[in-house]
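Residue numbers count from 1 along this sequence.
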Amino acid sequence: MSKSADPDRRTTAPGGPSRRRVLGTAAGAGVAVAAAGGLAGTAAAAAPPLLGTYDVVVIGSGAAGMTAALTAAKQGLSCVVVEKAPTFGGSAARSGAGIWLPNNSVIKAAGVPDTPAKAARYLAAVVGDEVPADRQKAFLDHGPAMLSFVMANSPLRFRWMEGYSDYYPELPGGLPNGRSIEPDQLDGNVLGEELARLNPPYLAVPDGMVVFSADYKWLALTAVSAKGLAVATECLARGARAALLGQQPLTMGQALAAGLRAGLLGADVPVWLDTPLTELHLENGSVTGAVVTRNGAPGLVRARRGVIVGSGGFEHNAAMREQYQEQPVGTRWTVGAKENTGDGIRAGQRAGADVGLMDDAWWGPAIPTPGQPWFCLAERTLPGGLLVNAAGARFVNEAAPYGDVVHTMYERDTPSAGHIPAWLVVDQNYRNRYLFKDIAPTFPFPDEWYDAGAVHKAWTLDALAGAIGVPAGALRATVDRFNSLARQGDDPDFGRGDSAYDHYYTDPSVRPNSCLAPLWLPPYYALRIVPGDLGTKGGLLTDARARVLRPDGSVIPGLYAAGNASAAVMGRSYAGAGSTIGPAMTFGYVAARDIAGKL
């Protein structure tokens with residue numbers, strides 16, 4: 001078995017739960033006990049003024065919430081969406097909007113050789129026994145129908161991200177050419193004035209260009225690849241065509257959020273912005289509404305049939321991260337929407353809900369640049385760079401799935417061998433060839449990156465080692481070893497390049513292994529790497545119908561959850577690009593269908 005097919009390549013904790021899982025479970029149990037003791041007081045408290053009564057109340061306007069609301073409305077149910085932020089779209093609007101969704105109509109039309117049995121084998125191999133089989137099955141069974149429903153009831157259309165491999169394609173059922181899709185180009189004019197209330201993207205597309213997520217792997221290679229230059233030219237041509245037509249072109253998360261919002265406009269579903277959830281309303285043990293703050297005052301929105309919590313995770317809640325997650329961790333390293341402070345999760349716990357996976361997140365190596373961190377995808381995978389720890393040694397396959405890299409950082413971090421922060425070491429040859437974030441090849445890193453300690457530069461490896469506090473001899477030996485392996489095109493130490501996934505963000509012109517190139521041209525750079533995330537992964541425990549569960553496994557009547565407010569169906573792993581949004585939309589759809597009695 002190859003290194004990349006070895007289950008140990010995925011950094012699931014062997015032999016039982018990790019320390020942070022035990023601590024998180026114990027803390028969650030304490031909250032649940034306290035919540036149970038306070039239920040009577042919550043139910044008996046005088047209700048605030050009534051703001052309205054609907055069949056379904058949806059908390060949050062991200063991918064999960066808007067899909068749920070659209071589904072509910074099209075089942076003939078009255079619905080309202082309440083959103084904490086002054087904008088709609090949440091983290092989905094900020095994202096690249098990859099969607100992992102086996103057997104959907106888009107990939108089937110493109111000829112992707114997927115089958116339900118193949119997808120089930122693969123998901124089971126990736127997730128293991130962390131998530132009940134019936135919940136995995138519900139995702140796979142309902143995902144294709146959800147996507148077809150969204151396309152039938154909104155202006156959204158989708159494209160296959162050809163070549164973006166499943167993250168573990170060597171596992172049974174894995175597809176080296178991938179299952180992920182992304183939104184097609186959308187004209188933002190369909191939203192009218194509502195377009196101004198769309199949450200901005202994490203990284204803005206350059207002016208005059210229309211860029212899809214799948215383009216970025218080639219845009220990084222524009223200086224060294226004919227195809228990269230051709231893709232950049234096509235991105236400019238799309239922008240020119242849109243301008244001539246008077247369009248407001250949107251792609252990625254901007255297109256996804258705008259398209260769902262357009263669907264809600266067409267279905268006459270109101271979205272109340274600046275309306276945070278403060279509490280779930282309970283009557284006789286059932287959730288019958290939500291207490292929110294609207295126009296600066298509390299009010300009750302009643303739900304005749306159910307409340308769906310799609311309010312995101314708790315990545316920006318420092319107290320919750322301290323309570324549940326291993327240190328060091330922090331709100332400053334996440335790229336999730338800033339309003340994601342766990343409001344829906346906490347409200348669910350106070351209503352008696354159980355939680356799971358609270359110690360985990362959608363991790364990824366990040367550079368703590370000023371303003372907001374940079375979530376590294378291509379940068380750590382392109383040939384000519386390596387990751388080292390505080391001892392100046394490599395410790396991981398740099399091209400591995402991003403969650404695995406951070407899991408390894410935490411699992412191996414000790415006082416004697418620190419892995420947080422780690423360092424991405426590259427040379428000037430690397431900088432001359434590749435786009436880095438939005439910094440063109442040969443262009444210098446910003447001065448503020450140096451001032452913040454996010455990057456260091458030196459003309460020798462010994463000087464670089466001194467700047468970042470690692471042993472000079474060890475760093476030299478590590479780079480020498482790495483260079484030797486790169487010239488051979490094989491990495492027996494960590495298996496970089498063994499998996500088809502490893503080659504997605506690489507340089508095909510580099511031979512014999514597109515993942516590996518030696519470092520030889522000074523100056524050298526070291527970029528600080530910390531455990532960033534796209535959002536937290538833990539939340540309210542739900543069943544295969546997206547109903548929220550108590551610690552004893554019973555259902556809380558009237559309460560549903562989807563997206564990062566719920567414990568992820570992916571468990572502690574990550575099947576492929578879009579493993580956050582695909583399940584979020586699917587279980588939003590499932591929740592609304594269950595409420596309507598149509599599941």
Side-chain angles (χ1 to χ4, degrees), residues 58 60-71 88-104 106-107 123 138-140 142-151 154 156-161 164 166-167 178-184 186 198-199 201-202 212-214 250-261 263 308 310-313 315 334-337 340 361-364 375 377 401-403 533-537 539 546 561-570 573-591:
V58 175
S61 66
M66 287 199 286
T67 304
L70 182 62
T71 306
F88 68 88
S91 292
R94 291 171 53 79
S95 74
I99 300 173
W100 194 82
L101 209 62
N103 291 295
N104 70 73
V106 175
I107 64 173
L123 188 61
F139 166 59
L140 297 175
H142 294 290
M146 177 278 295
L147 193 77
S148 296
F149 167 83
V150 165
M151 289 192 289
S154 79
L156 281 165
R157 298 296 178 265
F158 297 88
R159 304 156 54 101
W160 176 39
M161 300 174 74
Y164 204 153
D166 286 342
Y167 286 178
R179 294 175 162 101
S180 300
I181 60 174
E182 64 171 311
D184 209 340
L186 180 75
L198 173 62
N199 200 24
Y202 168 53
F212 297 107
S213 280
L250 303 175
T251 57
M252 298 181 281
Q254 296 288 280
L256 179 63
L260 289 171
R261 184 69 185 93
I308 303 173
S311 53
E315 55 267 24
T334 183
V335 302
N340 291 349
W362 302 99
W363 301 115
F375 194 91
L377 292 175
Y402 33 92
D533 65 72
L534 301 170
T536 49
K537 186 179 272 195
N564 286 355
S566 63
V569 73
M570 291 293 157
S573 198
Y574 213 132
S579 291
T580 307
I581 294 177
M585 295 176 70
T586 299
F587 283 108
Y589 172 83
V590 165

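Every side-chain contact (heavy atoms from CB on, under 4.5 Å) that Ser213 has, sequence neighbours left out, goes to Met161, Glu182, Met252. Every residue two or more places apart in sequence or in another chain that forms a ring-ring contact (aromatic ring centres under 6.0 Å, His included) with Tyr589 is listed here: Phe149. Under the rule for a side chain to side chain donor-acceptor pair (under 3.5 Å), the partners of Asn199 that lie at least two apart in sequence or sit in another chain are Thr87. Under the side-chain contact (heavy atoms from CB on, under 4.5 Å) criterion, Ala584 pairs with Ala64, sequence neighbours left out. Residues passing the ring-ring contact (aromatic ring centres under 6.0 Å, His included) test with Phe212, sequence neighbours excluded: none. Residues passing the ring-ring contact (aromatic ring centres under 6.0 Å, His included) test with Phe158: none are found, sequence neighbours excluded. Taking Thr586 as the reference, Leu101, Phe139, His142, Met146, Val590 meet the side-chain contact (heavy atoms from CB on, under 4.5 Å) condition, with sequence neighbours excluded. The salt bridge (charged side-chain N to carboxylate O under 4.0 Å, His left out) test applied to Arg261 returns Glu194, not counting sequence neighbours. Listed by chain and number, the residues in a side-chain contact (heavy atoms from CB on, under 4.5 Å) with Leu377 are Phe375, Tyr402, Tyr505 (sequence neighbours excluded). When the side chain to side chain donor-acceptor pair (under 3.5 Å) test is applied to Thr71, no partner is found at least two apart in sequence or on another chain. Every residue meeting the side chain to side chain donor-acceptor pair (under 3.5 Å) condition with Ser91, not counting sequence neighbours, appears here in chain and number order: Asn340. Applying the side chain to side chain donor-acceptor pair (under 3.5 Å) criterion to Ser180, with sequence neighbours excluded, gives no partner residue.
Here the CZ atom belonging to Arg159 is positioned 9.5 Å from the OG1 atom belonging to Thr251, to the nearest 0.5 angstrom. The line from OG1 of Thr536 to CH2 of Trp363 is 9.0 Å long, rounded to the nearest 0.5 Å.
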Stepwise side chain to side chain contact (heavy atoms under 4.5 Å, CB included) test for Phe587 and Thr67: CA-CA 9 Å; Phe587 283 108; Thr67 304; over 6 Å; no
Dump the intermediate steps for side chain to side chain contact (heavy atoms under 4.5 Å, CB included) on Arg157 and Leu186, then the final yes or no. CA-CA 8 Å; Arg157 298 296 178 265; Leu186 180 75; over 6 Å; no
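The heavy-atom pair separating Met151 from Leu156 by the smallest distance is CG-O, 3.5 Å. Annotation for Pro583 and Gly578: closest pair CD-O, 3.9 Å, computed over non-hydrogen atoms. A pairwise comparison of heavy atoms in Gly263 and Ser154 identifies CA-CB, 4.1 Å as the closest pair. The two residues Pro183 and Ala97 have their closest heavy-atom pair at CD-O, 3.4 Å. Contact between Ala258 and Leu250 at its shortest, heavy atoms only, is CB-CD1, 3.6 Å. Nearest heavy-atom pair, Val58 versus Ala68, reported as atom, atom and distance to 0.1 Å: CG2-CB, 4.5 Å.
Looking at heavy atoms from C-beta onward, Ser573 lies out of side-chain contact with Tyr167 at the 4.5 angstrom threshold. Inter-residue side-chain proximity for Leu147 and Ile181 is flagged as met; some heavy-atom pair is nearer than 4.5 Å. You'll find the side chain of Tyr202 stays beyond 4.5 Å of the side chain of Leu534, heavy atoms only.
Using a distance-only test at 3.5 Å, with no hydrogens or angles considered, no donor-acceptor pair links the side chain of Trp362 to the main chain of Tyr574. Although no hydrogens or angles enter the test, the distance criterion places a donor-acceptor pair under 3.5 Å between the side chain of Ser61 and the main chain of Gly89. No donor-acceptor distance shorter than 3.5 angstrom exists from the side chain of Ser148 to the backbone of Ala145, with no hydrogens or angles considered. A donor-acceptor pair under 3.5 Å is absent between the side-chain atoms of Arg179 and the main chain of Asn103, judged by distance alone.
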